[in-house]
2 protein chains.
Amino acid sequence: MTLRPTTADGPFDIALIATRDPAECPIRDVLVHLGGKWSTLILLCLGSAAHRFGALRRAIPHISKRMLTETLRDLERDGFVSRHVFATKLPSVEYRITDLGHSFLDPLHGVLICANGHHAEIRRARAGYDAKDSAQV
Amino acid sequence: MTLRPTTADGPFDIALIATRDPAECPIRDVLVHLGGKWSTLILLCLGSAAHRFGALRRAIPHISKRMLTETLRDLERDGFVSRHVFATKLPSVEYRITDLGHSFLDPLHGVLICANGHHAEIRRARAGYDAKDSAQV
DNA sequence: CAGGATCCAGAAAGATACTG
DNA sequence: CAGTATCTTTCTGGATCCTG
């Protein structure tokens, strides 16, 4: 199976989807991490400026310390962000986006523009679907 | 807080992140669904051609019937794909991408290109991180 | 301040069996 | 063929308390 993406952006073979080992498939191996509830949010935040832990918490409402720590570790592990500890009196840690992380910023931003632009449409679709659904039951 | 994305793609306010109600935030409301393990895979598959249920299963290894059904329902609910039932002898159902879904194809594709291009780098970063990690323990 | 450790309810997801 | 139903296991994420 060789699918051709509608965008003629180059020879990108979606047959990668069908890779036997999920770990070899960039779609699954990379996107699953980016797809996490918070990764994109954090990456975008750090894309605009370096943030300290507390600043990130304030910038991203509703995130718990636990999830912030965990997601930052994951992003660090994947090489998207770097961690810089300052041995000040009270510990302070700054997170920065790396070059690798930065290279994802534009593509991600494109998705966001799209999500933002079609948000109303999506919510309308949902409302319609749910209305039909509850009517039949 | 008004963050400016590094891409000067237009006036996209990342302060949307800080929206009080998560449901109002396109980033969370849309991306959380797209971030699911399978949504992107399915959307890309359907972007290349309409598929029937069974064909999708074959195109996307490792997905269970249950997850495929569920993810398709979600995508249908959000208006990304449409469902067409043919009353043939044995039921056959075809899934197609909608215009709305199609508008996400290019941005998503951009992310994939990026993920694909940097996959090796990411895996190296992981290996390095894990090596340091286990060395310290 | 930044985060580690622990507990725990609920969501997500796999396996299997059944149906029109 | 295209699901649905059910059971079970795994994962997620929030709350809370603790430390250097």
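Labels below follow one simple rule: chain letters A, B, ... track the order of the sequence lines, proteins then strands, and each chain is numbered from 1.
A rotation axis mapping the C1' atoms of four pairs onto the next four is fitted at both ends of the helix from C:dC1-D:dG20 to C:dG20-D:dC1 over five pairs, and the angle between these axes is 50° to 10 degrees.
Rounded to an integer number of Å, the gap from A:Ile63 CD1 to D:dG13 C1' is 11 Å. Rounded to an integer number of Å, the gap from B:His84 NE2 to D:dA2 P is 14 Å. Straight-line distance from the NZ atom of B:Lys65 to the P atom of D:dA5: 13 Å, rounded to whole Å. A:Met67 has its CE atom 16 Å from the P atom of C:dA11, to the nearest Å. Atom CZ in A:Arg83 sits roughly 7 Å away from atom P in C:dG4 (whole-Å rounding). If you measure from atom OH of B:Tyr95 to atom P of D:dC1, you get 14 Å, rounded to the nearest angstrom. The CG atom of B:Leu90 sits 12 Å away from the C1' atom of D:dG3 (whole-angstrom rounding). The NE2 atom of B:His62 sits 15 Å away from the C1' atom of C:dA15 (whole-angstrom rounding).
When heavy atoms are screened at a 4.0 angstrom cut-off, B:Arg66 is found touching base atoms of the nucleic acid. Among the protein residues, B:Phe86 comes within range of no part of the nucleic acid, since none of its heavy atoms lies under 4.0 Å from any strand. Note on A:Arg73: only backbone sugar-phosphate atoms sit closer than 4.0 angstrom, heavy atoms only; bases stay farther off.
Mapping A:Arg52 and B:Trp38 onto DNA chain C via the closest heavy atom, the residue that lands nearer the 5' end is A:Arg52.
A salt bridge links A:Glu94 with A:Arg96: the distance from a Lys NZ or Arg NE/NH1/NH2 to an Asp or Glu carboxylate oxygen falls below 4.0 Å.
Counting heavy atoms from C-beta on, the side chains of B:His33 and B:Asp78 come closer than 4.5 Å. A:Cys114 places a side-chain heavy atom less than 4.5 Å from the side chain of B:Ser103.
The shortest non-hydrogen separation linking B:Val111 to A:Leu108 is CG2-N, 4.0 Å.
The CG atom of A:Asp29 sits 7.5 Å away from atom CD1 of B:Ile122, with the distance rounded to the nearest 0.5 Å.
Relative orientation of the B:Phe53 and B:Tyr95 rings is tilted, given thresholds of 30° and 60° on the angle between their planes. Between B:His118 and A:Phe104, the angle of the ring planes lies from 30° to 60°, which puts this pair in the tilted group.
For B:Pro91, taking side-chain heavy atoms from C-beta onward, the closest of the listed nucleotides C:dG20, D:dG20, D:dT4 is C:dG20.
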